[in-house]
Amino acid sequence: MTRTARIIGAPTDYGANRRGVDMGPSAIRYAGLAAELRSAGIDVEDAGDLAVPLADERDPDAVEPSEGTAKFVREVEEVSTLLSDAVATALADDVTPVVLGGDHSVAIGSVGGSARDADVGVVWFDAHGDFNTPTTSPSGNVHGMPLAAVLGVGDFEGVEWANARGLKPENVALVGLRDLDDTERTVIRESAVTAYTMSDVDERGITDVVDEALTVAGDDTDGVHVSFDLDWLDPNEAPGVGTPVRGGASYREAHSALEQVATSGMLRSLELVEVNPILDQHNETAELATELAASALGKRIL
Ligand SMILES: NC(=[NH2+])NCCC[C@H](N)C(=O)O
Ligand SMILES: [Mn+2]
């Protein structure tokens with residue numbers, strides 16, 4: 001059966017410190033996402049963009065002290081709720097949600113929607129752990145917190161709009177970490193999630209690591225959500241991201257990892273986040289996102 005992908009744009013940058021990721025969905029569409037997916041034999045629908053509160057009016061000083069150090073948490077809640085509904089609706093319609101960020105805080109909505117009516121595992125490709133809580137975060141930026149949010153860790157315990165119903169930490173695998181904050185490192189160690197650093201990738205090779213990550217995420221679940229932060233790649237490959245870290249995945253490793261995702265047959269929902277067109281060079285990071293989405297959805301060379 002042909003897979004149908006439904007593109008859902010989440011043009012928000014409320015979770016990031018640098019402006020510009022709100023233009024990610026536009027840049028990825030302009031790079032030819034729909035055509036690329038169709039050429040791979042995938043049917044495509046485009047649900048357009050979510051109505052994100054106007055970012056031009058944002059004022060960090062408007063953040064309530066009672067909201068701790070999580071900046072724009074009310075706006076993030078609003079976007080998460082909209083996105084969670086859109087993702088859950090796509091799955092109910094039997095199509096595969098392909099969410100375009102936006103900063104990585106959008107994962108709160110995508111994982112929430114994907115795990116609303118099913119048990120879901122998550123494979124998280126990222127340079128960072130995104131496991132801070134408002135208390136541990138050095139920046140206050142919610143894009144460094146989405147995994148803690150969906151898992152209900154720390155301050156996020158019992159926060160209904162943030163916690164993903166059908167997700168257990170035992171089914172979460174982080175792949176390719178190379179930049180953790182000190183407290184975040186402790187929180188990850190204490191959690192039941194499985195984390196693979198870039199050193200694990202160096203030692204074991206990408207195939208072995210992703211194979212194990214998919215086993216973790218797929219163990220006794222109804223499917224896997226793939227959260228793909230473009231900053232997982234080396235900045236030489238993906239310069240258009242707000243928080244680049246040297247020593248990332250290569251172009252081939254990224255394709256190979258996502259081809260494995262497709263081959264596993266477990267992909268339930270996908271998101272591509274943190275593309276920042278302002279920092280990009282000639283839209284190459286958006287083009288890369290487009291290609292990688294096709295690999296995750298089953299595009300093959302032969
Ligand atoms: N999705 C991302 N780009 N996250 C970057 C997080 C950076 C840092 N750990 C923070 O909490 O602020
Ligand atoms: Mn991230």
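Owing to the predicted nature of the structure, the values given are computational and were not obtained by experimental measurement. In each ligand, atom 1 is the first atom listed, and ligand 1 is the first ligand listed. Just so you know, these numbers use all the heavy atoms, side chains as well, and skip hydrogens, waters and symmetry mates.
For R252 and E237, the salt-bridge test fails: no basic side-chain N is under 4.0 Å from an acidic carboxylate O. In summary, D85 and R116 engage in a salt bridge, as defined by a charged side-chain N under 4.0 Å from a carboxylate O. K168 and D220 are not joined by a salt bridge, as no carboxylate oxygen comes within less than 4.0 angstrom of a charged side-chain nitrogen.
A 6.0 Å sphere centred on CD of E157 holds no more than 12 heavy atoms belonging to other residues, nucleotides or ligands.
Protein residues having at least one heavy atom under 4.0 Å from any atom of ligand 1 are H104, H128, D130, N132, S139, H143, G144, D181, D229, D231, T243, E274, listed by chain and number.
For the Mn ion (ligand 2), the nearest N, O or S atom contributed by D126 is named OD2. Distances from the Mn ion (ligand 2) to the N/O/S atoms of D130 are shortest for OD2. Between the Mn ion (ligand 2) and the N, O or S atoms of H104, the shortest distance is to ND1. The atom of D229 nearest to the Mn ion (ligand 2) is OD2, with the search restricted to N, O or S atoms.
With sequence neighbours excluded, the residues satisfying side chain to side chain contact (heavy atoms under 4.5 Å, CB included) with T135 are T133, D155. Remark: T96 engages R3, L297 in a side chain to side chain contact (heavy atoms under 4.5 Å, CB included) (not counting sequence neighbours). For S191, the side chain to side chain contact (heavy atoms under 4.5 Å, CB included) partners at least two apart in sequence or on another chain are F131, P169, V193.
In this model, no donor atom of one side chain and acceptor atom of the other lie less than 3.5 Å apart for T290 and E36.
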